[in-house]
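Report on the structure given below.
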Amino acid sequence: MELIAASPVAADHAADIPELVWATGPVSYEYIFGERATFDALVDASWGLDDSLFGADTTTLAVDGDTLLGIVINMPGAEFVPRLAHLAAAIEPLVAGGDIDMAAIDGVIARSERASWLNPVLATDTSYIHALSVRPEARGSGVGYALIKHVIDRATNAGFAKLQLDVLSDNPAVDFYRAVGLELLVESKAPEPAAHGVPVEYRMGMALQDR
């Protein structure tokens with residue numbers, strides 16, 4: 001297994017990215033996007049777009065030859081909001097080409113705003129993991145550990161003070177994150193997402209510079 005930057009080989013693994021991202025929070029993504037097809041189209045379009053929320057330019061791949069084992073999408077905390085805003089550049093051609101109906105996007109925007117209360121603000125001294133996902137057949141083989149250790153080492157060397165991520169409280173990954181040293185910082189519950197079955201969300205994190 002090796003870890004590689006996604007940007008040079010983005011097209012090689014594009015088809016696998018929506019499923020890997022979806023697996024990190026299916027209940028939350030189903031609430032926000034409504035239809036899986038809308039989610040897949042937007043993530044796929046964002047993957048090839050630099051400075052976007054799901055962009056290959058911020059993704060590290062774990063690969064075994066030509067096989068994709070897992071991914072981690074990681075960015076400076078200060079980039080999260082601008083990258084989120086840049087999703088508009090992915091949406092516009094999808095709507096213009098008839099791939100997504102604008103009414104569906106309006107719903108996504110409204111539900112995203114309601115769900116945004118689940119996620120505390122990110123500080124500029126924080127490196128943020130937006131998604132870490134391992135294919136089911138590769139779980140338990142050290143892929144997830146290799147990916148998060150890569151992010152921790154890179155963030156520490158870059159001078160970030162903290163590493164943080166958000167994870168749904170019912171996700172088995174919570175125990176994995178605790179095992180690698182992340183602590184529970186905040187529990188968040190927003191009324192409408194909760195009414196639609198979205199669990200409490202955890203912000204987890206660790207200090208880096210005193211490691």
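If you read the sequence from its start, that first residue is 1, and numbering goes on from there.
Heavy-atom contacts from other residues, nucleotides or ligands closer than 6.0 Å to CG of D66 number 12 or fewer. Counted within 6.0 Å of CD on E183, heavy atoms from surrounding residues, nucleotides or ligands total 12 or fewer; the atom is thus considered open.
Contact check for V43 versus W22: no side-chain heavy atoms found under the 4.5 Å cut-off. Residues V198 and L118 have side chains in contact (heavy-atom distance under 4.5 Å, counting atoms from C-beta outward).
Ring geometry, Y29 versus F39: the interplanar angle falls from 30° to 60°, so the pair is classed tilted.
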### Query
Between V108 and I32, does a side-chain contact (heavy atoms from CB on, under 4.5 Å) hold up when you go through it step by step?
CA-CA 6 Å; V108 170; I32 293 171; 4.1 Å; yes

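Applying the ring pair (Phe, Tyr, Trp, His ring centres under 6.0 Å) definition to pairs two or more places apart or across chains, those involving residues 130-149 are F54-H130, F80-H130.
At least one donor-acceptor pair under 3.5 Å links the side chain of H86 to the backbone N or O of D50. A donor-acceptor pair under 3.5 Å is formed between the side chain of S169 and the backbone N or O of V200.
Between E19 and R36, at least one side-chain nitrogen of the basic residue sits less than 4.0 Å from a carboxylate oxygen of the acidic one, meeting the salt-bridge criterion.
Summarising the geometry of L147 relative to L3, their closest heavy-atom pair is CD2-CD2, 3.8 Å, with the distance given to 0.1 Å.
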Show me the donor-acceptor pairs, under 3.5 Å and distance only, between side chains in residues 68-79 and residues at least two apart or in other chains.
from : atom 1 : to   : atom 2 : distance (Å)
N74  : OD1    : R154 : NH2    : 2.9
N74  : ND2    : S127 : OG     : 2.9
N74  : ND2    : Y128 : O      : 2.9
E79  : OE1    : R83  : NE     : 2.9
E79  : OE1    : R83  : NH2    : 3.3

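Through direct or relayed side-chain contacts under 4.5 Å between Ile, Leu, Val, Met, Phe, Trp and Tyr, L185 connects to V186.
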